[in-house]
Amino acid sequence: METWDLIIIGAGAAGLSAGIYGARSGLKTLIIEEKFPGGTTGDAPIVENYPGFPSILGSELAEKKVAHAKKTGAVIHELEEVTSLDLKGEKKIVKTNRTEYKAPAVIIASGAHYREINVKGEKEFRGRGVSYCGVCDGPFFKGKRVLVVGGGNSACITTLYISGLAAQVYVVHRKETFRAENAYVKDIESKGNVKVFWNNEIAEIKGDKIVTSATLKDVKTGETQELAVDGVFVQVGESPNSQLAQAAGVETEEGGCIKIDINQRTNIPGVYAAGDVTNHPVRQIGTAVGQGITAALEAYSYIRRPYYRK
Ligand SMILES: Cc1cc2nc3c(=O)[nH]c(=O)nc-3n(C[C@H](O)[C@H](O)[C@H](O)COP(=O)(O)OP(=O)(O)OC[C@H]3O[C@@H](n4cnc5c(N)ncnc54)[C@H](O)[C@@H]3O)c2cc1C
């Protein structure tokens, strides 16, 4: 069994940042990534809100982070999936589809995945009008017509955010009331450029090169209508990739986000979490980076300074 100082699960913005700080601090640092390294940053067609890069392809930003982590000496095992964790003892055991490793500290940076609605056109137009993140992509729709899908808090927050940018925001929701905090609902009602289609679902997203319209279907009558839109924001929830951590005893909130304190510590000593897998309220590249840094420095203190554990 290979021994490392620090093992990081996931090579996205959080994991790579943790890797940079871990390796630069002199920790023998391993990052395990089930796909190619870079994480969801690489899914963003263009990133315009990461400080220092006014406009950069998501894939380019991801490549820069990977190269940076490697340069500092962090070792990345790509296409290797973590399959189970044993975190209770002093030495944490990380099993993968290839082998197993041990280390005194582990950072879980396994991200999250957006829930999809599985309608025709969703996959085809992803990144070409279909988005899952209002803060990320809302500014690309300044002065345009946008449809938000969903009726919970995230759908309402996205609607409010985009209503300050787009000319017209439509919301499609299966029920006849929102499942969101009252304050958000009241704010939406006060917006002149928001129209809600209650008791409707989205049946299809259409376009040529980019999105041009969406088909809505009334869930009670079955009637359909065509709505001309430039973008569709799917806001039906996000699922953190925290199943392995939960099975190993890491505490999560309802919904599966890993509970962390201000130093990214979980309930298990020597186990940290960073990025979209946590219950941090903001899910952005910048926040994932900050959390990864904090987790690595905290892990460093835990590993190298025995008095710190008391
Ligand atoms: C389409 C899109 C556009 C976006 N645009 C922006 C934007 O413009 N600006 C912005 O700031 N944010 C944007 N975001 C959000 C941003 O990408 C995320 O908040 C951020 O990248 C999260 O980083 P992370 O490291 O927590 O997770 P991720 O980047 O998701 O990394 C987690 C990694 O863990 C790996 N992993 C998971 N489970 C395992 C396992 N069992 N074994 C091994 N590896 C595992 C995954 O494969 C993944 O590579 C966008 C997101 C999307 C999807």
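Whatever order the structure lists them in is the order used to number ligands and atoms, beginning at 1. Atom set for the values below is all heavy atoms of this structure, side chains included, hydrogens, waters and symmetry mates excluded.
The proximity of Y114 to ligand 1, defined as any non-hydrogen pair under 4.0 Å, is limited to the side chain. Contact annotation: for C133 versus ligand 1, there are no heavy atoms closer than 4.0 Å. Contacts with ligand 1 closer than 4.0 Å are made by no heavy atom of V135, backbone or side chain. Within the 4.0 Å heavy-atom criterion, the part of A109 lying near ligand 1 is the backbone and not the side chain.
Closest protein heavy atom to atom 30 (O) of ligand 1: T40 OG1, 3.2 Å. Protein heavy atom in closest approach to atom 41 (N) of ligand 1: V82 O, 3.1 Å. In terms of protein heavy-atom proximity, atom 43 (C) of ligand 1 is closest to E34 N, 3.2 Å. With respect to atom 27 (O) of ligand 1, the closest heavy atom belonging to the protein is G111 CA, 3.4 Å. The protein heavy atom nearest to atom 31 (O) of ligand 1 is G12 CA, 3.4 Å. Among all non-hydrogen protein atoms, the one lying nearest atom 18 (C) of ligand 1 is D276 OD2, 3.3 Å. The single protein non-hydrogen atom nearest to atom 47 (O) of ligand 1 is E33 OE2, 2.6 Å, given as residue, atom name and distance. Summary of contacts: the protein heavy atom closest to atom 37 (C) of ligand 1 is S110 O, 3.3 Å.
Shown are L16, I32, T29; of these, the side chain to side chain contact (heavy atoms under 4.5 Å, CB included) with I76 is made only by L16. Partner of F233 under the ring pair (Phe, Tyr, Trp, His ring centres under 6.0 Å) criterion, chosen from F141, Y114, Y132: F141.
For ligand 1, the polar-atom distance check against I285 finds a nitrogen or oxygen pair separated by under 3.5 Å. Considering backbone and side-chain atoms alike, A112 places every N or O at 3.5 Å or more from each N or O of ligand 1. For ligand 1, one of its N or O atoms has an N or O atom of N49 under 3.5 Å away. The N/O atoms of V47, backbone and side chain alike, include none that comes under 3.5 Å of an N/O atom in ligand 1.
Contact atoms of ligand 1 toward I32: 43 (C), 44 (N) (distance under 4.0 Å to a heavy atom of the residue). Numbered from 1 in the order shown, with element, the atoms of ligand 1 that lie under 4.0 Å from a heavy atom of L244 read 41 (N). The ligand atoms of ligand 1 that sit less than 4.0 angstrom from a heavy atom of G10 are 33 (C), 34 (O), 35 (C). Taking a cut-off of under 4.0 Å to the non-hydrogen atoms of G39, the atoms of ligand 1 that pass are 29 (O), 31 (O), 49 (O). Numbered from 1 in the order shown, with element, the atoms of ligand 1 that lie under 4.0 Å from a heavy atom of A44 read 3 (C), 4 (C), 5 (N). Which parts of ligand 1 touch G275 is read off a 4.0 Å heavy-atom cut-off, strictly below it: atoms 26 (O).
Remark: the T278 side chain and the Q291 side chain contain an N/O donor-acceptor pair separated by less than 3.5 Å. For N241 and S110, the side-chain atoms include no donor-acceptor pair closer than 3.5 Å. At a cut-off of 3.5 Å, with distance as the only test, no side-chain donor of N200 or H173 sits close to an acceptor on the other residue. Side-chain contact of Q168 with N193: a donor-acceptor pair under 3.5 Å is absent, judged by distance alone. Residues E298 and Q264 have side chains that never bring a donor and an acceptor to within less than 3.5 angstrom of each other.
Within the structure, salt bridge (Lys or Arg N to Asp or Glu O under 4.0 Å) contacts touching residues 68-83 (residues at least two apart or in different chains) are E80-R98.
The six-membered or imidazole ring of H77 lies near that of Y101, with a centre-to-centre distance under 6.0 Å.
In plain terms, the two heavy atoms of Y50 and V289 that are nearest each other are OH-CG2, 3.6 Å. Of all heavy-atom pairs between I262 and T294, the closest is O-CG2, 3.9 Å. The minimum heavy-atom distance between V82 and L244, with the atom names listed, is O-CD1, 3.0 Å.
At least one cation-pi condition fails for K175 and F178: the charged atom is not both under 6.0 angstrom from the six-membered ring centre and inside a 45 degree cone around its axis.
Of the listed residues (C136, G292, G286), the one carrying the non-hydrogen atom nearest atom 4 (C) of ligand 1 is C136.
Contact annotation: E80 has at least one heavy atom less than 4.0 Å from an atom of ligand 1.
For K186, there are no salt bridge (Lys or Arg N to Asp or Glu O under 4.0 Å) partners two or more places apart in sequence or in a different chain.
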